[in-house]
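The structure appears right after this line, and notes come after that.
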Amino acid sequence: MDASADLPLSRRAMAVPQAAAPWLDGLNPEQRRAVEALDGPVLMLAGAGTGKTKALTARIAHLLTTGRARPNEILAVTFTNKAAREMRTRIGRMVGEAVEGMPWVGTFHAVSTRLLRRHAELVGLKSSFTILDSDDQLRLLRQLVQAAGIDEKRWPARQLAGVIDGWKNRALDPDRIPAADASAYDGKAVDLYAAYQRRLLDLNAVDFGDLLLHCIRIFRENADVLAQYHRWLRYVLVDEYQDTNVAQYLWLRLIVGPSRNVCVVGDDDQSIYGWRGAEVGNILRFEQDFPGAVVVRLEQNYRSTPHILAAASAVISGNKGRLGKTLWTALNEGEKVRLIGHWDGDEEARWVGEEVEAMARGTRGMDPIRPGGVAILVRAAHQMRAFEDRFLTIGLPYRVIGGPRFYERQEVRDAMAYFRLVISPDDDLAFERIVNTPKRGLGDKAVQAIQVCARRNGVGLLDGARIAVESRLVGGRGGAELKVFVEAVERWHRQAIEEPDAHVGLAETILDESGYTAMWKAERSPDAAGRLENLKELVKALEGFDSLQGFLEHVSLVMDNATEDGEEKVTLMTLHAAKGLEFPAVFLPGWEDGLFPSQRSLDEVGLKGLEEERRLAYVGLTRAERVATVSFAGNRRVHGQWQSQLPSRFIDELPPAHVEVLTPPGLYGGGYGAAGMAMSASPVMQAQASSDIMDRAARADVYASPGWRRLQERAARPVREPQEGRGLTIDAVALSSFAVGDRVFSQKFGYGRVQAIEGDKLDVLFDKAGAKKVVARFVVAAPGQGEMPF
DNA sequence: GTTAGCAGCGTTTTT
DNA sequence: CGCTGCTAAC
């Protein structure tokens, strides 16, 4: 990559339109302050829907247009590709083509990649390093775990991946792991982490976390490099600052130069990524980190009606330790937040489907809302299935955001592995993925032989394979096919070098000659056709790039589906994916304790988890412009088992004055709590009920049942903080003291409650696995909520 | 070495 | 319930 392409060598004037100041039009006084405070640190606390992105982009336009900075002197980082794209588009709208010259607008990871490509050799990498996604990462870790002779059943590699990611989020190198963490993964995590890092270096590869960590190291160890960027990147902006983790924070502290021209934007109430290491503390601490910072609060909400805003504010006020904002709006009253309970998840989906259609017609005196203006926001991805099923049956067009992503599909990843291997023949991970795809008669033994061969000769697997064939270490049918494969890859590789422009044709050749397309054609499973479609689409996507290499680079970071069509579709996505978006109508299904707030979150991080869940509720509600509809079901199928559900405690936090209960009033009286209570019933009753209406006798049964009493107790119990450790790691301290009734977690059986104690053995009733006797040291205290009812 | 059939498992959220 | 990973037979 050529430095002169995007960094200034001389200070010539930039071609930026010199209009009066249209980018300042329509800003309110606070926004304007945030835009015009150009020098020194700025903290923009922007509540939901207060025009944060508008202010941020206006600020960039202001910097450019006043000549304070040129396009390539502004560093603007976001978290998601979506946000980065959005920012680019909006800057483009204000300053036109100048946005093309802004290389430093992107996600933390994308910007880091750019930096790292340039200075790779400073951390022992080649600038052509590959970026592993979580899938690759897991495969690699699995190999290491196996090599270490660890029983993967008891210690899943996935867990190790989680531990390592956690450390990377906190910017901890293998030699810096605090003693308290040393017991993780049976005490072997630290060594495996070190081994993993060595292996990555060998492979000339990095994972997502490394992108940041390597940059941090480069900055720390190379003052000259850092100084250079301080000179170049004159203004720094960070979006969604409340989501930064420790590594990102350090990265930022380093890259912001002595001029301290840094503007961070965020909302502590929308911090929903604690589980992946985000530290709300970063935003709470900003004024201490950058003394003298200008603090701007954006509190006027332009998005939602007063009822929606009031409901959201009431819910979020249950959290402690907020910076505190008072959102207000000049909009007219509008609809109250609507609340409805359903018998089960299927009925909830059915009702939502009908409601979407009704809204399109214009129901209850409301102006019509087209399906394209409707979003269904769920807590967990698996909730989406019920809606998809329903929408398919009634023929309601929908789209899923953040579902299984295009570039994560097996066939696409396989094809990509072929391309990777052709471009970089020493990409061992790619080689391993596809040597035997399609089947070439090469099993574990053959692959092992190749590996031995490669290691002995100090070469990559592809070369190792050639040697193995020549020396007949791999013979028979597999050997013959391997020979063909190796020769083909080498041929394609030459072709890629000789005719770099013919990359689209080459891609087709690779997929055809390797037999990969044929493999799917021969398969007659229902989704084979779709996979072939995807392959075609992949090849088509290639046309947008001028080389295979460029394409691979793009794909490794931008892993989302950008296919947008103009059709009117209902949007289905998780609450996490919805942050930053807005819709005229929003449905919030599944507000049931255990699902939302998620039981796991409560078990693992206690009150902190509950507060994060509450912020999620706040994010959900504040996505709505005109109508927000909260719903819950009394019964839900979890792992194929029917479970009774208690309405979410967040429902009780909705202020009655701003809520309209839609459930037929004959069903129950009183507040929402009662609403949900009547809906919660045993699976037996579920079979009895033929309609929405339950008779009194049935309800009496519900209230009398032991399950119901347990539910009430559970709801009444306060959330406790988890004890030692994070509840997931086996922690010596937590071993000793169990009491009957304690909530515990076991690697093997999940969560449960202690029934009896005999010496070092516990009788535990597990939520899912049932009653088991377990040795105390295999179990760890996991205080939190009670068991599932009934 | 491959494939089919079975058991057991697990589901939060993502760059 | 749907998936993955393992085992037993081809």
Side-chain angles (χ1 to χ4, degrees), chain A residues 77-84 106-113 131-135 137-138 142 152-153 156-158 161-162 165 168-169 206-212 240 243-245 247-248 271-278 345 377-386 389 401-405 407-408 410 436 438-447 474 476-479 481 556-560 573-579 590 594-605 609 612-613 615-616 619-620 636-642 747-751 766-769:
Chain A
V77 279
T78 61
F79 278 84
T80 61
N81 296 305
K82 204 169 63 188
T107 63
F108 275 98
H109 298 271
V111 171
S112 294
T113 305
I131 302 167
L132 307 191
D133 62 22
S134 359
D135 222 65
Q137 184 192 29
L138 200 59
R142 224 167 244 150
E152 240 206 286
K153 272 235 174 92
R158 182 169 229 86
D165 275 349
K168 289 194 172 180
N169 284 338
V206 299
D207 63 19
F208 284 129
D210 286 340
L211 288 170
L212 290 152
E240 307 281 17
D243 289 333
T244 46
N245 61 32
Q248 284 151 346
S271 160
I272 54 175
Y273 286 107
W275 52 272
R276 69 168 199 210
L377 310 181
V378 296
R379 173 68 242 266
H382 68 255
Q383 287 173 263
M384 294 200 271
R385 186 174 306 157
D389 286 351
I401 307 272
R405 280 167 291 199
Y407 289 111
E408 280 172 15
Q410 185 194 337
N436 202 30
K439 300 273 180 298
R440 296 192 176 89
L442 299 158
D444 284 350
K445 267 172 74 184
V447 173
V474 178
R477 190 167 69 91
E481 293 222 45
S556 57
L557 281 171
V558 187
M559 298 281 270
D560 55 3
M573 65 179 132
T574 65
L575 286 163
H576 283 89
K579 192 162 70 161
L595 182 60
F596 186 46
S598 135
Q599 186 64 51
R600 229 180 115 172
S601 177
L602 264 42
D603 278 341
E604 284 168 19
V605 274
E612 181 152 314
E613 298 281 313
R615 291 193 288 268
L616 220 35
V619 167
R636 198 171 283 279
R637 219 171 15 201
V638 186
H639 309 330
Q641 288 269 293
W642 282 100
Q747 275 303 320
K748 201 164 174 185
F749 302 119
Y751 293 99
F766 289 101
D767 297 349
K768 284 160 195 160

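All values below were derived from every heavy atom in this structure, side-chain atoms included, with hydrogens, water molecules and symmetry-related copies excluded. Per chain, numbering begins at 1; letters A, B, ... match sequence-line order.
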Could you run down nucleotides 2-10 of chain C 5' to 3' and tag each one B, S or - for protein heavy-atom contact under 4.0 Å? S--S-----

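- In this structure, Glu481(A) and Leu442(A) have side chains that are not in contact, with every pair of non-hydrogen atoms separated by 4.5 Å or more.
- Rounded to whole Å, the distance from CG on Asp135(A) to C1' on dT14(B) is 14 Å.
- Within the 4.5 Å cutoff, no side-chain heavy atoms of Asn245(A) are placed close to those of Tyr273(A).
- Distances shorter than 4.0 Å separate some side-chain N or O of Thr574(A) from OP1 or OP2 on dT14(B).
- With rounding to whole Å, Leu616(A) atom CG is found 11 Å from dT13(B) atom P.
- With centres under 5.5 Å and a plane angle under 30° as the test, the ring of Tyr273(A) is not stacked against the base of dT13(B).
- Note: CG (Leu575(A)) to P (dT14(B)) measures 10 Å, nearest angstrom.
- Side-chain proximity of Lys439(A) to dG1(B), dT15(B), dT2(B): nearest is dT2(B).
- Rounded to a whole Å, the NE2 atom of His109(A) is 9 Å from the C1' atom of dT14(B).
- Summarising the geometry, the separation between NZ on Lys579(A) and P on dT13(B) is reported as 16 Å, rounded to the nearest angstrom.
- Inter-residue side-chain proximity for Trp275(A) and Val605(A) is flagged as unmet; no heavy-atom pair is nearer than 4.5 Å.
- Within the 4.5 Å cutoff, no side-chain heavy atoms of Gln248(A) are placed close to those of Val77(A).
- Relative to the side chain of Ala381(A), the nucleotides dT13(B), dT14(B), dT15(B) differ in distance, and dT13(B) lies closest.
- Mapping Ser598(A) and Thr80(A) onto DNA chain B by nearest heavy atom places Ser598(A) closer to the 5' end of the strand.
- With DNA chain B read from its 5' end, the first of the two nearest nucleotides for Gly209(A) and Arg440(A) is the one closest to Arg440(A).
- Side-chain contact between Leu575(A) and Val619(A): absent, with no pair of heavy atoms (C-beta onward) separated by less than 4.5 Å.
- Rounded to whole angstrom, the span from the CZ atom of Arg158(A) across to the P atom of dT14(B) amounts to 14 Å.
- Between Asn436(A) and dT2(B), a side-chain N or O to OP1/OP2 separation shorter than 4.0 Å is present.
- The nearest whole Å value for the distance from the CD atom in Gln137(A) to the P atom in dT14(B) is 16 Å.
- Under the 30°/60° scheme for interplanar angles, the aromatic rings of His109(A) and Phe208(A) are found to stand perpendicular.
- Looking at heavy-atom distances under 4.0 Å, Phe79(A) makes contact with sugar-phosphate atoms alone, never a base.
- Residue Asn169(A) contributes atom CG, which lies 14 Å from atom C1' of dT13(B) at whole-angstrom precision.
- Of the listed residues (Thr244(A), Leu211(A), Asp243(A)), just one forms a side chain to side chain contact (heavy atoms under 4.5 Å, CB included) with Phe108(A), and that residue is Thr244(A).
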